[in-house]
Amino acid sequence: MNIRSGILLVALLVLCIGFPPAEAASLSGRSSTQALWFSDEFGEDHFDLSQYLRFNARKLDSKDTLSATGYGRAWGDAAQGGGVEGRLYYLYIDKKDLAKRTDVRVGRQFFFVSAGSAIVDGARVDTRPFGPVAITAVGGRNVLFNTTGEATKRGDFAAAVQASLTNIPQGSADLSYFISYDENDLAKEIVGLAAAKRFSKYGELYTQLRYDLLSEVWNEIQAGARTAILPKFIFTAEYFRSIPVFEATSIFSVFAVDRFQEVLFRAQYDVDPKLSLNGEYRNERYGGGDKANAGEVGLRYRPRDGISLYGAGIWRTGTGGNLAGFEISGDTVFRKNYILSAGVQHDSFRRELGTGYDSATRFWVGGEARLKKNISVQARIEDTISTDFNKDFRGRLALNVDF
Amino acid sequence: MKKLPLLIVVVALAAGATMLFAAEDHRPYREMKIPECTECHRESNVIPNHGAAWNTEHRLTAVKAGANCAMCHEQSFCTDCHFGGGIDANLHVSTDRGPNYKPKNHRSSFIEVHPISAFDNPNSCARCHPASFCSDCHKRFRPEELMFQSHRKGWSDLTTTPGGPKHSTFPPDSCQTCHPGSVLPAHQWSGAHAREAKRNLPTCQACHADGDICLKCHSARTGLRVNPHPDNWGSIKGKLNRAAGQRTCVKCH
């Protein structure tokens with residue numbers, strides 16, 4: 001945890017002092033102590049020791065309108081050294097009904113609206129000022145993570161506002177605006193629209209649109225229809241299009257780009273409560289006549305409670321290379337407190353500039369034992385064998401304590 | 001009269017708002033199994049949204065006002081995949097280099113397969129990885145070893161004679177032996193780079209974060225002065241210039 005995160009934590013604690021205490025506050029959450037070992041792509045061994053903590057404190061005031069929530073981790077690499085790293089994902093206070101029909105959240109938090117998403121150190125206000133209209137306003141310091149820590153610079157901000165209609169029968173409509181600053185310079189400005197409408201048993205229509213105001217392009221267009229009119233059968237048809245949008249402060253924002261387009265058909269069929277099938281076909285186009293066809297077919301079988309088997313095959317042909325693969329995995333629960341899980345993934349692939357097919361296979365096995373009602377131990381190991389790696393052995397051991 | 005269409009839209013929205021739709025409180029059901037949820041949802045004509053494609057389907061469900069995800073899921077459920085983490089470690093999920101989750105499409109040896117996956121939606125990688133994540137690894141490779149047409153020596157795979165050895169098998173000082181007096185196109189920049197860049201520019205950004213290598217040819221002041229701008233440049237250049245505080249434009253102009 002860095003200095004900023006520490007300051008945030010202290011500020012939140014000070015805020016709590018201002019509220020009348022509840023008679024019996026409740027605290028719940030999870031502590032997870034994990035050990036992870038692996039070799040990176042350059043053959044260097046790593047042994048990470050991580051401590052995760054998630055908590056939720058409620059009933060902090062007499063009317064239970066105040067709560068505090070947090071989640072973060074600290075970890076270090078015992079094999080490579082380098083000290084202890086920290087990452088605070090969120091730490092915020094919720095206050096319900098601070099004003100009439102208005103909730104407030106203060107602190108580090110993840111937000112997502114139809115125009116974009118971010119983690120910010122800031123505030124969020126949810127209000128229903130009149131009738132069916134709900135408004136969300138959120139913003140603050142834009143928290144950017146890199147591989148090991150935070151990369152936020154002075155003057156990095158992100159904010160959004162979303163207006164929603166909450167009473168559309170079997171439907172929703174949200175209009176939002178997202179803005180971000182890079183060192184005090186405007187970096188992104190996007191308008192988003194998301195809407196969905198269900199037509200009883202016949203199915204539903206949905207769409208999400210994102211328009212980049214600075215580049216004047218449709219950043220994303222997604223529109224689709226789903227139906228479950230046939231018993232046990234769900235069918236989806238969808239169109240998706242996107243153009244990468246760079247921050248205005250990046251030199252890449254001035255370069256021409258091609259759009260990516262995808263037409264997708266997806267189906268799921270539940271033969272009976274024990275057996276279900278799913279499949280997907282995608283036609284992808286990258287611009288300049290480049291394209292690919294891809295798909296996946298899967299089968300899930302649950303012979304009885306506590307046992308689940310899944311098998312799937314994937315394929316892709318076209319620009320960039322060809323790929324065919326499968327995966328098989330299974331879970332079983334025995335004596336209620338023990339779970340055993342295992343799987344294998346295999347891919348055979350030929351990259352665009354390659355001359356022949358290579359292959360890669362990953363095996364994994366894991367288990368969980370609930371030692372007490374609130375204490376569990378998890379272990380998972382995996383190994384990958386591929387053209388470049390005779391072995392890529394890695395594992396994770398976790399001790400979870402719920403409180 | 002110009003306001004008539006707006007008025008019609010407002011009236012239509014108000015009419016549509018006559019039925020109050022209240023989302024049901026799902027907290028009592030959070031311990032139920034997915035098939036049990038499905039059974040109830042179908043009886044209510046609600047298409048189940050926790051099926052096999054949940055990974056790619058949940059976004060629209062999550063962004064709408066009143067989304068009830070939080071009734072069953074902590075916010076860590078979102079951040080573990082979107083920003084790394086793993087406090088609710090899933091036995092099916094692998095980790096990347098460090099204690100972060102890998103998404104579903106990072107299957108088998110993703111290091112080797114990812115050049116193919118990179119052709120998919122160019123926004124998808126950037127949702128989780130900053131450009132530096134890619135360059136941490138790519139900068140350790142020689143450019144001509146990467147699977148980019150534009151970065152490979154155009155002549156190196158050509159054979160000297162049909163069925164003969166490739167050009168790459170000869171040392172550079174032997175070129176003049178077979179090509180006396182020629183201007184050899186050694187390390188010639190391939191014309192394929194423009195096509196590759198337009199198709200997946202974030203990949204270029206991964207290694208050339210500041211674009212310096214691009215500006216050797218695309219600058220308005222130096223080099224070949226090749227114009228890189230999109231078709232709508234005339235209408236957006238002012239906006240971008242003002243937004244970035246002229247940080248970007250002065251790099252070339």
Side-chain angles (χ1 to χ4, degrees), chain A residues 32 36 40-41 48 50 52 54 71 75 89-90 110 112 114 132 134 146 164 166-167 169 172 174 185-186 194 200-201 206 208 214 216 226 228 242 244 248-249 251-252 255-258 260 266 268 278 286-288 298 320-321 323 341 345 347 349 351 353 360 362 366 378 380 384 386 398, chain B residues 16-17 19-21 35 45 47 51-53 60 62-66 75-76 78-79 83 85 87 89 91-92 94-95 97-99 107-109 111-113 115-116 119 121-123 130 132-133 137 147 195 198-199 201-202 205 211 228-230 232 235-236 239-240 243-245 247-248 251:
Chain A
S32 181
L36 305 104
D40 64 23
E41 50 273 32
D48 282 359
S50 306
Y52 294 78
R54 182 181 66 204
Y71 174 37
W75 81 98
Y89 294 103
Y90 55 83
F110 174 49
F112 40 91
S114 53
N146 57 22
S164 311
T166 60
N167 65 337
S172 64
D174 310 283
D185 288 326
L186 182 58
S200 188
K201 67 177 183 181
Y206 59 89
Q208 176 162 325
L214 296 178
E216 294 183 358
R226 298 204 300 168
S242 81
T249 50
I251 187 64
F252 291 96
F255 282 79
V257 290
D258 285 329
F260 168 80
R266 179 184 294 140
Q268 180 172 331
N278 61 278
Y286 315 114
L323 174 70
S341 188
Q345 292 178 335
D347 287 302
F349 55 91
R351 294 185 292 205
L353 301 180
R362 175 192 289 164
Q378 285 184 324
R380 183 186 191 279
T384 301
S386 63
Chain B
M19 289 179 63
L20 187 66
F21 176 69
N45 292 323
I47 300 175
L60 272 173
V63 300
K64 70 181 181 183
Q75 199 173 82
S76 58
C78 311
T79 57
F83 293 91
I87 194 168
L91 295 175
H92 285 253
S94 184
T95 55
R97 43 176 188 175
R107 39 180 293 130
S108 66
S109 178
I111 291 175
E112 297 184 43
V113 175
I116 301 176
F119 280 83
N121 179 8
N123 289 324
S132 61
F133 182 88
C137 187
M147 280 293 172
R195 186 159 150 261
K198 288 181 70 175
R199 193 172 58 197
L201 196 58
Q205 187 191 27
H229 300 316
N232 67 341
S235 68
I236 66 171
K239 286 183 182 178
L240 287 173
R247 277 161 64 179
T248 306
K251 290 180 179 175

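Every chain is numbered from 1, with letters handed out A, B, ... down the list of sequences.
When heavy atoms are compared at a cutoff of 4.5 Å, Arg247(B) approaches chain A solely by way of its side chain, counted from C-beta outward. For a residue to count as touching a neighbouring chain, one of its non-hydrogen atoms must lie under 4.5 Å from one of that chain's; by this rule Arg226(A) touches chain B with backbone and side chain alike. The contact between Tyr286(A) and chain B is made by backbone and side chain atoms together, counting heavy-atom distances below 4.5 Å. For chain B, the nearby part of Ser50(A) is the side chain; its heavy atoms alone come within less than 4.5 Å. Using a 4.5 Å cut-off between heavy atoms, Ala398(A) does not touch chain B at all. Using a 4.5 Å cut-off between heavy atoms, Thr384(A) contacts chain B through its side chain alone, with no backbone atom that close. Both the backbone and the side chain of Phe110(A) come within contact range of chain B, judged by heavy atoms closer than 4.5 Å.
For the atom pair CD (Gln208(A)) and CG (Leu60(B)), the distance works out to 5.0 Å, reported to the nearest 0.5 Å. Atom CD in Gln75(B) sits 6.0 Å away from atom OH in Tyr90(A) (nearest 0.5 Å). The line from CG of Leu36(A) to OG1 of Thr95(B) is 5.5 Å long, rounded to the nearest 0.5 Å. Distance check: Arg195(B) CZ to Asp258(A) CG gives 9.5 Å after rounding to the nearest 0.5 Å.
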Worksheet entry | Stepwise side-chain contact (heavy atoms from CB on, under 4.5 Å) test for Val113(B) and Leu323(A) | CA-CA 8 Å; Val113(B) 175; Leu323(A) 174 70; 4.2 Å; yes
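Between Asn121(B) and Ser242(A), the closest heavy-atom pair is OD1-OG, 2.7 Å. When all heavy atoms are compared, the tightest approach of Tyr89(A) to Phe83(B) is CE2-O, 3.5 Å. Residue Ser341(A) comes nearest to His92(B) through the heavy atom pair OG-NE2, 3.4 Å, listed as atom of the first residue, atom of the second, then distance. Between Asp185(A) and Ala244(B), the closest heavy-atom pair is OD2-O, 3.4 Å. Minimum interatomic distance between Lys198(B) and Ala256(A) (heavy atoms only, all atoms of both residues): CG-O, 3.6 Å. Summarising the geometry of Ala360(A) relative to Ser109(B), their closest heavy-atom pair is CB-CB, 3.5 Å, with the distance given to 0.1 Å.
Between the side chain of Thr248(B) and the backbone N or O of Ala248(A), at least one donor-acceptor pair lies under 3.5 Å. Checked by atom type and distance alone, the side chain of Tyr71(A) pairs as donor or acceptor with a backbone atom of Ile87(B) at under 3.5 Å. In terms of modelled atom types and a separation under 3.5 Å, the side chain of Arg380(A) and the main chain of Leu91(B) share a donor-acceptor contact. Side chain of Gln268(A) to main chain of Gly51(B): no donor-acceptor pair is present (N/O by atom type, distance under 3.5 Å, no hydrogens or angles).
Every residue two or more places apart in sequence or in another chain that forms a side-chain contact (heavy atoms from CB on, under 4.5 Å) with Ser172(A) is listed here: Asp174(A), Ala196(A), Lys64(B).
Ser386(A) and Glu112(B) share a side-chain donor-acceptor pair at under 3.5 Å. Defined by atom type and a distance below 3.5 Å, a donor-acceptor pair is missing between the side-chain atoms of Ser108(B) and Arg362(A).
Here Pro244(A) is the residue among Pro244(A), Gly287(A), Ser164(A) with the most heavy-atom pairs under 4.5 Å with chain B. Annotation: maximal heavy-atom pairing with chain B below 4.5 Å, among Gly320(A), Gly366(A), Ala194(A), occurs at Gly320(A). Across Gly245(B), Pro202(B), Ser94(B), the residue that shares the most heavy-atom pairs under 4.5 angstrom with chain A is Ser94(B). Of the residues considered (Cys78(B), Ser76(B), Ala62(B)), Ser76(B) shows the highest number of contacts with chain A, using heavy-atom pairs under 4.5 Å. Between chain A and the residues Leu240(B), Asn232(B), Ile47(B), the largest count of heavy-atom pairs under 4.5 Å involves Ile47(B).
A salt bridge links Lys239(B) and Glu216(A); the closest N-O separation between the charged side-chain nitrogens and carboxylate oxygens is under 4.0 Å.
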